[in-house]
Participant: 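Below is a structure I'd like to ask you about.
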Protein chains: 2
Amino acid sequence: MATRGEQTRARILDAARASVLERGFAATSIDDIQEAAGISRGTFFYHFPSKDDVSREIIERHAEVDREVTDEFLRRAGDLVDDPAQQLVVMVGLYADYFRSLDTQYPGCLFASYTYEAGLFDEATEQTVKDSIAYWRDVVAAKVREAMEAHTPVIEIDPVGVADQIYSVMQGAFILGKVDGSNELIAEQMNLLKEHLKLVFGLRTAAKEVPAAT
Amino acid sequence: MATRGEQTRARILDAARASVLERGFAATSIDDIQEAAGISRGTFFYHFPSKDDVSREIIERHAEVDREVTDEFLRRAGDLVDDPAQQLVVMVGLYADYFRSLDTQYPGCLFASYTYEAGLFDEATEQTVKDSIAYWRDVVAAKVREAMEAHTPVIEIDPVGVADQIYSVMQGAFILGKVDGSNELIAEQMNLLKEHLKLVFGLRTAAKEVPAAT
DNA sequence: ACAATTAAACCGATCAGTCGGTACTGGAGA
DNA sequence: TCTCCAGTACCGACTGATCGGTTTAATTGT
């Protein structure tokens with residue numbers, strides 16, 4: 001159970017995160033955060049020495065969650081199917097399901113937000129973003145490598161390139177999703193990517209041939 | 001020939017655009033712009049009534065250039081090959097070549113920047129972003145539709161979905177490219193996407209079979 | 001008792017935007 | 001050719017508001 005102080009701290013971080021994703025970090029004032037969190041100005045500074053500390057903590061928390069989700073999706077994919085190529089496909093599908101299941105508009109990714117506000121953050125914060133992306137890239141690329149051993153790809157591919165492609169589609173879809181106000185768009189992009197991966201690894205469901213009507 | 005005033009105006013817009021792409025709009029002060037453009041504070045306000053007007057003009061100029069590039073790439077693709085599916089592939093390749101040819105780090109897309117700072121801009125500005133993306137989607141989706149008629153896709157696809165996928169990969173790659181400080185990454189992502197498209201439309205270069213050694 | 005919270009006053013820095021004035025330039029009139 | 005003038009372009013000091021951050025004294029919850 002979280003103490004009262006911890007709850008307030010969490011409320012501050014939540015409010016800050018939401019505002020940063022909507023307006024960006026620079027346009028997020030402490031008064032905005034304080035008001036959204038339903039606390040006073042004094043309380044904000046009781047919990048955080050500065051605004052920068054909030055940005056650091058937000059990104060670190062996001063990095064942590066991101067890593068957990070990555071690990072869990074990979075683990076669940078591993079539980080569901082044995083073939084590493086299938087695991088990749090399932091993983092992308094899990095992302096699709098996740099975005100589709102949300103009942104509010106997905107607000108985008110903090111890493112992207114910070115990237116488009118580069119120069120406002122200190123070295124350590126930038127490094128957190130880089131490390132998080134690098135982690136994702138590494139674990140997914142490793143899985144792609146496994147998949148390549150199990151199924152010779154139909155086209156020449158670079159494992160890191162494929163990992164980046166998945167990441168790119170996700171990040172790009174977040175932007176389109178925000179503009180269109182649609183989580184479904186994000187999910188659909190993940191689904192299409194899934195089909196691409198199946199093609200690359202020759203995982204076409206051959207049994208799905210439509211029986212000719214007569 | 002541009003008048004002196006027009007040149008100054010352009011310098012202001014260039015400086016503003018660069019700063020917005022690096023730090024975001026909110027963190028771009030008029031002093032930043034003024035200093036980068038090599039003019040005084042007074043001159044800025046001589047040319048622009050407010051900071052918001054600059055944001056509007058920047059995005060409109062970007063939208064215009066974006067549209068021109070889209071049209072030109074599609075036109076050039078049409079000049080190079082007849083088959084609409086091949087045209088799509090060539091178009092993506094043209095983007096790849098473009099990003100590879102840059103000698104400075106590609107700073108990212110203003111639409112993405114604005115999307116992650118939504119709420120700072122007025123209705124008209126937001127609409128410009130939406131319209132620009134919609135235009136891209138429409139013309140590329142139309143080409144995908146043509147391609148589908150010429151080549152039955154190997155997988156079930158939605159033309160708009162495919163257009164969005166290309167856009168997503170580009171936008172996502174911009175982010176990765178910024179983080180990694182690499183234009184090559186962006187170009188590589190476009191190349192991989194090119195291969196995916198070839199697969200989908202069955203455009204594999206069958207003649208490329210590696211002759212068995214011995 | 002002690003941690004958490006409040007409200008308000010306050011600070012210096014920086015912000016967007018204003019204003020009064022100056023330099024440059026390209027004619028028009030003599 | 002010289003003078004004068006209007007418009008264009010530019011300048012930098014100034015204003016009021018807002019920013020992040022501090023301080024304090026008085027509560028509240030456990």
Side-chain angles (χ1 to χ4, degrees), chain A residues 1-59 113-114 117-125, chain B residues 1-59 113-114 117-125:
Chain A
M1 54 184 146
T3 68
R4 187 163 57 116
E6 280 165 350
Q7 284 176 350
T8 302
R9 235 186 113 84
R11 280 223 310 284
I12 293 172
L13 289 172
D14 282 344
R17 194 184 63 106
S19 179
V20 167
L21 284 171
E22 197 197 330
R23 294 187 281 275
F25 178 74
T28 294
S29 74
I30 289 170
D31 283 335
D32 287 337
I33 299 171
Q34 166 247 109
E35 200 168 339
I39 57 161
S40 74
R41 196 173 172 70
T43 301
F44 175 90
F45 283 104
Y46 175 79
H47 287 284
F48 296 93
S50 77
K51 193 188 166 193
D52 288 319
D53 285 83
V54 175
S55 81
R56 214 171 301 131
E57 201 140 331
I58 288 176
I59 205 76
S113 177
Y114 277 40
E117 273 185 301
L120 302 189
F121 307 102
D122 55 39
E123 200 71 30
T125 302
Chain B
M1 52 185 146
T3 68
R4 188 161 57 113
E6 280 166 350
Q7 284 175 349
T8 302
R9 233 184 115 85
R11 279 221 312 284
I12 293 173
L13 290 172
D14 282 344
R17 193 184 64 106
S19 179
V20 167
L21 283 171
E22 198 197 330
R23 294 188 279 277
F25 179 73
T28 294
S29 74
I30 288 168
D31 282 334
D32 288 337
I33 300 172
Q34 166 245 111
E35 201 168 338
I39 56 162
S40 74
R41 196 166 177 71
T43 301
F44 174 90
F45 282 104
Y46 172 78
H47 288 283
F48 297 94
S50 79
K51 194 186 164 194
D52 288 320
D53 285 83
V54 175
S55 81
R56 212 170 303 130
E57 201 140 332
I58 288 176
I59 205 75
S113 176
Y114 277 41
E117 275 185 299
L120 303 189
F121 307 103
D122 55 38
E123 200 71 31
T125 302

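As the structure is a prediction and not an experimental result, all values here were calculated from the model.
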Participant: Taking only residues two or more places apart in sequence or in another chain, which ones pass side-chain contact (heavy atoms from CB on, under 4.5 Å) with B:A15?
Facilitator: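 Testing B:A15 for side-chain contact (heavy atoms from CB on, under 4.5 Å), a comparison that skips the adjacent residues, returns B:I33, B:A36, B:A37.
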
Participant: Whole Å only: how far is the CD atom of A:Q34 from the P atom of D:dG21?
Facilitator: 14 Å

Participant: To the nearest 0.5 Å, tell me how far A:R56 CZ sits from A:F48 CZ.
Facilitator: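 Between A:R56 CZ and A:F48 CZ, I get 11.0 Å after rounding to 0.5 Å.
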
Participant: Calculate the interatomic distance between A:K51 atom NZ and D:dT22 atom C1'; express it in whole Å.
Facilitator: 17 Å

Participant: Within residues 11-20 of chain A, find the residues that approach DNA chain C with a heavy atom at under 4.0 Å, and present them sorted by residue number.
Facilitator: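 None - not one residue of the stretch has a heavy atom sitting under 4.0 Å from the strand.
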
Participant: Would you jot down, in residue-number order, the residues of residues 36-46 of chain B having a non-hydrogen atom under 4.0 Å from DNA chain C?
Facilitator: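 By residue number: B:R41, B:F45.
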
Participant: Which residues satisfy the side-chain contact (heavy atoms from CB on, under 4.5 Å) test with A:T43, sequence neighbours excluded?
Facilitator: A:T8, A:I39, A:S40, A:H47

Participant: Provide the start and end nucleotides, 5' to 3', of the part of DNA chain C that has atoms under 4.0 Å from heavy atoms of chain A.
Facilitator: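 First-to-last contact on DNA chain C, by the 4.0 Å heavy-atom rule, is C:dA3 to C:dA7.
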
Participant: Can you name the residues that form a salt bridge (charged side-chain N to carboxylate O under 4.0 Å, His left out) with A:D52, not counting sequence neighbours?
Facilitator: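 With neighbours one apart ignored, the set is empty.
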
Participant: Anything under 3.5 Å between a protein N or O and an N or O of nucleotides 26-30 of chain D, put it in a table, one pair a line.
Facilitator:
none

Participant: Could you state the atom-to-atom distance from CZ of B:R9 to P of D:dT8 in whole Å?
Facilitator: 14 Å

Participant: CZ of A:F44 to OG of A:S50: how many Å apart, nearest 0.5 Å?
Facilitator: 7.5 Å

Participant: Does anything in residues 8-28 of chain B form a ring-ring contact (aromatic ring centres under 6.0 Å, His included)? List the pairs, not counting sequence neighbours.
Facilitator: B:F25-B:F121

Participant: Which pairs pass salt bridge (charged side-chain N to carboxylate O under 4.0 Å, His left out) with one or both residues in residues 24-41 of chain B, sequence neighbours excluded?
Facilitator: B:R23-B:D32, B:D31-B:R41

Participant: What's the CG-C1' distance between A:D32 and D:dG20, to the nearest Å?
Facilitator: 13 Å

Participant: B:R9: what forms a salt bridge (charged side-chain N to carboxylate O under 4.0 Å, His left out) with it, not counting sequence neighbours?
Facilitator: B:E57

Participant: Looking at B:D14 and B:R11, does any basic side-chain N land under 4.0 Å from a carboxylate oxygen?
Facilitator: no

Participant: Among residues at least two apart in sequence or on other chains, which ones pass side chain to side chain donor-acceptor pair (under 3.5 Å) with B:S113?
Facilitator: none

Participant: What heavy-atom pair brings A:R17 and A:I58 nearest, and what distance separates the two atoms?
Facilitator: N-CD1, 3.7 Å

Participant: Apply side-chain contact (heavy atoms from CB on, under 4.5 Å) to A:A26 and list each qualifying residue two or more places apart in sequence or on a separate chain.
Facilitator: A:E117, A:L120, B:A26, B:A27

Participant: How close do B:T28 and B:V20 get, heavy atom to heavy atom, and via which atoms?
Facilitator: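 The pair with the smallest heavy-atom distance is OG1-N, 3.6 Å.
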
